[in-house]
Amino acid sequence: MFYSSTSFFLCLLFFSVTFSHVFGDKVFTGTYGVNYGRVADNLPSPESVVTLLKAAKIRNVRIYDADRQVLSAFKGSGIAISVCVPNELLKEISVGEDRAMNWIKQNVEPYLPGTKIRGISIGNEILGGGDMELWEVLVPAAKNVYAALQRLNLAHQIQVSTPHSEAVFANSYPPSACTFREDILPFMKPLLQFFSQIGTPFYINAYPFLAYKNDPQHIDINYALFKKNPGIYDAKTKLHYDNMFLAQVDAAYAALEKLGFDKMEVIVSETGWASKGDDNEAGATVKNARTYNKNLRKLLLKKKGTPYRPKMVVRAYIFALFNENLKPGPTSERNFGLFKPDGSISYDIGFTGLVPSSATTSSFLSFKGIGSLYAMVSTSCAAFLLLVAL
């Protein structure tokens, strides 16, 4: 008994050191992804969205649920997609593995292997949020989902994770001084221990836009937008930062290192810049959104690391694919989209929309038609291949 337990522990330790990078490549193809939010009443069909993503060569997508129509539309697309257990279901999922198993059998397993589901997010921005009861059930929920995936022999291809907001940190300036909040540590430590064992990266929602919006008097907007600026110097590490995005990523690495998780990879689960905002939302303009997202894309395509972790390639999901006209809150919340609902680009950062930027209603209909045609051709090809096999 002692021998078998020890062997299992050694295997687990080996995977915690080496498996995360291999697993990460399977979950995230390349370095660039996008969040496909759908809190809107004017978005194109999921089939049309697949057409748009393929045209833009975007190969990684996160959604905030496990919508049936979306997962069906992504079948055969080759696009890696991460689904989410909504916050309101975490308490139920945490009760027992059977609840997690039922959720996976209903929302994940039926779409495999045609739909490339590569991740399950356990809630969104739980720690640091206002519901303390969710803090307590996060780890049990994550463990139950992972255990269910193991029983289904899917744990090797679907990663269990959870994204955090910057609210989990007590401070993040300079990057080397970053620490987790004391009240969050009792919940964060066991979560990180579990994720370290199963090879899950630390996912952080990093928004230079929000930092600048909250303190425009003291933050150089050029530093936030990747433009030429004096930057900052971290005296402890003797490293220089000329943009806030990489400083935020390295701040997360520093916080993890202080807890003993210096091998854990950091992936940015959300980042972006609003193209429109209220009067008190500094920096929310089309020009700034274009500058941030264009420069960020250039940085990610270089496939390089950060100043503090030069060998850890930076990966990020951009928020968001579309403007979402039904999102509550300030105006900025509804204006993070790279694309307009009709398939045209919101601004030029190197992507080509499926219709011109001055698209009209007729153009929107043709965009929808392209998506329908794509779905029809995919179905016909699948039927042909099946006939050949027979």
Side-chain angles (χ1 to χ4, degrees), residues 21 24 28 30-33 128 163-181 201-259 261-274 281-285 287-319 336 349:
H21 301 299
F28 201 128
T31 57
Y32 191 92
H164 305 284
S165 73
E166 292 278 339
V168 298
F169 300 130
N171 62 294
S172 59
Y173 179 85
S176 64
C178 187
T179 57
F180 288 105
R181 279 168 39 184
F202 181 82
Y203 283 83
I204 184 71
N205 295 343
Y207 284 95
F209 165 72
L210 295 180
Y212 176 77
K213 184 187 78 166
N214 292 332
D215 192 11
Q217 301 299 321
H218 298 97
I219 295 176
D220 184 350
I221 193 167
N222 292 326
Y223 177 62
L225 293 174
F226 302 92
K227 295 176 73 174
K228 187 175 181 181
N229 68 95
I232 68 162
Y233 176 73
D234 192 323
K236 183 178 180 180
T237 59
K238 296 181 171 55
L239 294 173
H240 180 266
Y241 293 87
D242 58 13
N243 68 81
M244 185 184 291
F245 174 77
L246 289 182
Q248 289 182 330
V249 176
D250 271 352
Y253 275 123
L256 290 170
E257 187 176 283
K258 289 180 177 71
L259 292 184
F261 298 99
D262 54 304
K263 301 293 185 183
M264 185 172 283
E265 179 184 9
V266 172
I267 293 180
V268 176
S269 38
E270 287 184 20
T271 188
W273 198 284
E281 295 188 284
T285 67
K287 181 180 179 182
N288 289 341
R290 177 184 180 275
T291 299
Y292 181 82
N293 282 306
K294 186 171 186 177
N295 288 334
L296 174 65
R297 185 166 176 245
K298 284 182 181 178
L299 181 143
L300 294 174
L301 291 178
K302 291 179 181 178
K303 298 181 179 180
K304 293 185 178 181
T306 67
Y308 195 54
R309 289 284 189 270
K311 294 182 180 180
M312 300 287 273
V313 176
V314 181
R315 307 172 195 259
Y317 291 90
I318 313 308
F319 189 86
F336 274 89
I349 65 167

| task | List the steps and the verdict of side-chain contact (heavy atoms from CB on, under 4.5 Å) for Leu300 and Ile318. | result | CA-CA 11 Å; Leu300 294 174; Ile318 313 308; 4.3 Å; yes
| message | Checking Glu265 against Tyr253 for the side-chain contact (heavy atoms from CB on, under 4.5 Å) test, could you report, in this order, the C-alpha distance in whole Å, the side-chain angles of both residues, the deciding distance, and whether it holds? | response | CA-CA 8 Å; Glu265 179 184 9; Tyr253 275 123; 4.1 Å; yes
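- Side-chain contact between Pro174 and Thr237 is absent, with no heavy atoms from C-beta onward closer than 4.5 Å.
- The side-chain heavy atoms of Val249 and Ile204, taken from C-beta on, include no pair separated by under 4.5 Å.
- The number of heavy-atom neighbours closer than 6.0 Å to NZ of Lys303, taken from other residues, nucleotides and ligands shown, is 12 or below.
- Checked by atom type and distance alone, the side chain of Asn214 pairs as donor or acceptor with a backbone atom of Leu210 at under 3.5 Å.
- Smallest separation of non-hydrogen atoms from Tyr223 and Ala247: OH-CB, 3.4 Å.
- Contact check for Thr31 versus Lys304: no side-chain heavy atoms found under the 4.5 Å cut-off.
- With 3.5 Å as the limit, one finds a donor-acceptor pair spanning the side chains of Asp250 and Tyr241.
- The minimum heavy-atom distance linking Ala289 with Ala274 is given by the pair CB-O, 3.9 Å.
- To the nearest 0.5 angstrom, Met244 atom CE is 9.5 Å from Tyr292 atom OH.
- Between Asp262 atom CG and Glu257 atom CD the span is 5.5 Å, to the nearest 0.5 Å.
- Checking side-chain atoms of Asn295 against main-chain N and O of Lys227 turns up no donor-acceptor pair under 3.5 Å.
- Trp273 contributes atom CH2, which lies 10.0 Å from atom CG of Asn293 (distance to the nearest 0.5 angstrom).
- The heavy-atom pair separating Ala177 from Asn171 by the smallest distance is O-ND2, 2.8 Å.
- Two rings, from Phe202 and His164, have their centers less than 6.0 Å apart.
- If you run side-chain contact (heavy atoms from CB on, under 4.5 Å) between Phe226 and each of Asn243, Leu246, Thr291, only Asn243 comes through.
- Across all non-hydrogen atoms, the minimal contact from Ile267 to Pro201 is CD1-CG, 3.9 Å.
- Asp234 places no side-chain N or O within 3.5 Å of a backbone atom of Leu239 that could act as its donor or acceptor partner.
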| task | Show the numbers, then the answer: is there a side-chain contact (heavy atoms from CB on, under 4.5 Å) between Val168 and Arg181? | result | CA-CA 6 Å; Val168 298; Arg181 279 168 39 184; over 6 Å; no
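- Atoms OH and OH, on Tyr317 and Tyr203 in that order, are 5.5 Å from each other to the nearest 0.5 Å.
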| task | Go through the steps to decide whether Glu166 and Tyr207 satisfy the test side-chain contact (heavy atoms from CB on, under 4.5 Å), and finish with yes or no. | result | CA-CA 8 Å; Glu166 292 278 339; Tyr207 284 95; over 6 Å; no
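- Residues Asp220 and Pro230 come closest through the heavy atom pair OD2-CD, 3.9 Å.
- Rounding to the nearest 0.5 Å gives a distance of 6.5 Å between NZ of Lys258 and SG of Cys178.
- Separation of atoms CG (Asp242) and CG (Asn229) is listed at 6.5 Å; rounding is to 0.5 Å.
- A donor-acceptor distance shorter than 3.5 angstrom exists from the side chain of Thr271 to the backbone of Ala206, with no hydrogens or angles considered.
- Counting only heavy atoms from C-beta outward, the side chains of Tyr173 and Ile232 approach each other to under 4.5 Å.
- Nearest heavy atom pair, residue Gly272 against residue Phe209, reads O-CB, 3.7 Å.
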